[in-house]
Amino acid sequence: MLAKIYQPSPSAMTSGRAKRHWVLEFVSKSSGVIDPLTGTKRSTDVRSQLDLKFETLEAAVAYAKANNIPHQVVQSQTMKRIPRSYADNFAFDRKLPWTH
């Protein structure tokens with residue numbers, strides 16, 4: 001079973017850039033079976049429900065290698081933020097008009 005190592009994207013409700021953790025998640029080959037009574041998805045594969053969190057990428061890769069888990073590292077894309085101040089919204093020489 002292949003494992004995916006990635007850094008989850010921050011929640012839309014947060015604006016901070018604190019240190020994020022790395023996740024080792026097992027990728028399931030089967031999609032599971034839908035229970036006809038409740039409509040929920042069932043699976044006999046317990047590993048698909050498991051997410052391991054690590055402080056660094058190196059720790060996650062070392063864990064996967066130590067336990068002979070085939071893994072794939074997925075690098076996340078970082079957004080380039082343009083620093084702006086609140087006062088720039090009311091600047092006299094603003095290029096675009098400020099409207100509501």
Side-chain angles (χ1 to χ4, degrees):
M1 174 175 275
L2 182 70
K4 179 174 71 168
I5 299 174
Y6 66 97
Q7 200 171 23
S9 60
S11 170
M13 300 302 292
T14 61
S15 62
R17 289 183 251 167
K19 185 170 70 172
R20 299 184 343 213
H21 58 276
W22 288 86
V23 175
L24 185 137
E25 177 182 90
F26 292 98
V27 179
S28 177
K29 292 181 181 175
S30 64
S31 62
V33 179
I34 296 178
D35 185 12
L37 182 63
T38 60
T40 58
K41 189 193 295 188
R42 290 188 294 182
S43 177
T44 57
D45 185 21
V46 179
R47 284 186 173 185
S48 64
Q49 301 173 8
L50 188 64
D51 291 336
L52 301 174
K53 296 180 182 174
F54 297 92
E55 291 292 322
T56 63
L57 173 64
E58 293 80 19
V61 171
Y63 177 83
K65 287 183 180 178
N67 292 304
N68 295 328
I69 301 170
H71 61 279
Q72 177 182 8
V73 177
V74 179
Q75 295 290 341
S76 61
Q77 297 178 353
T78 58
M79 288 181 49
K80 182 180 177 185
R81 294 189 179 196
I82 301 170
R84 294 188 179 131
S85 67
Y86 181 71
D88 290 342
N89 292 331
F90 307 102
F92 180 74
D93 57 349
R94 185 178 165 95
K95 304 290 187 254
L96 298 172
W98 186 73
T99 61
H100 288 285

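Quantities reported herein were computed from a predicted structural model and do not represent experimental measurements.
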### Message
For residues L50 and L24: do they belong to one hydrophobic cluster (side chain heavy atoms under 4.5 Å, members Ile, Leu, Val, Met, Phe, Trp, Tyr)?
### Response
yes
### Message
More than 12 heavy atoms of other residues, nucleotides or ligands under 6.0 Å from OH of Y63: yes or no?
### Response
no
### Message
For the NE2 atom of H71 and the NZ atom of K4, what is their distance to the nearest 0.5 Å?
### Response
14.5 Å
### Message
Minimum heavy-atom separation for V74 and W22, please, with both atom names.
### Response
O-CZ3, 4.4 Å
#### Entry: Path from V61 to F54 over hydrophobic side-chain contacts below 4.5 Å
yes
### Query
Can you hop from L52 to I5 via hydrophobic side chains spaced under 4.5 Å?
yes
### Query
CD1 of I34 to CZ of R42: how many Å apart, nearest 0.5 Å?
10.5 Å
### Task
Please name the pair of heavy atoms, one in Q7 and one in H21, separated by the smallest distance, quoted to 0.1 Å.
CG-O, 3.3 Å
### Message
Hydrophobic clusters here meaning ILVMFWY residues chained together by side-chain heavy-atom distances under 4.5 Å, can you tell me if L57 and F26 are in one?
### Response
yes
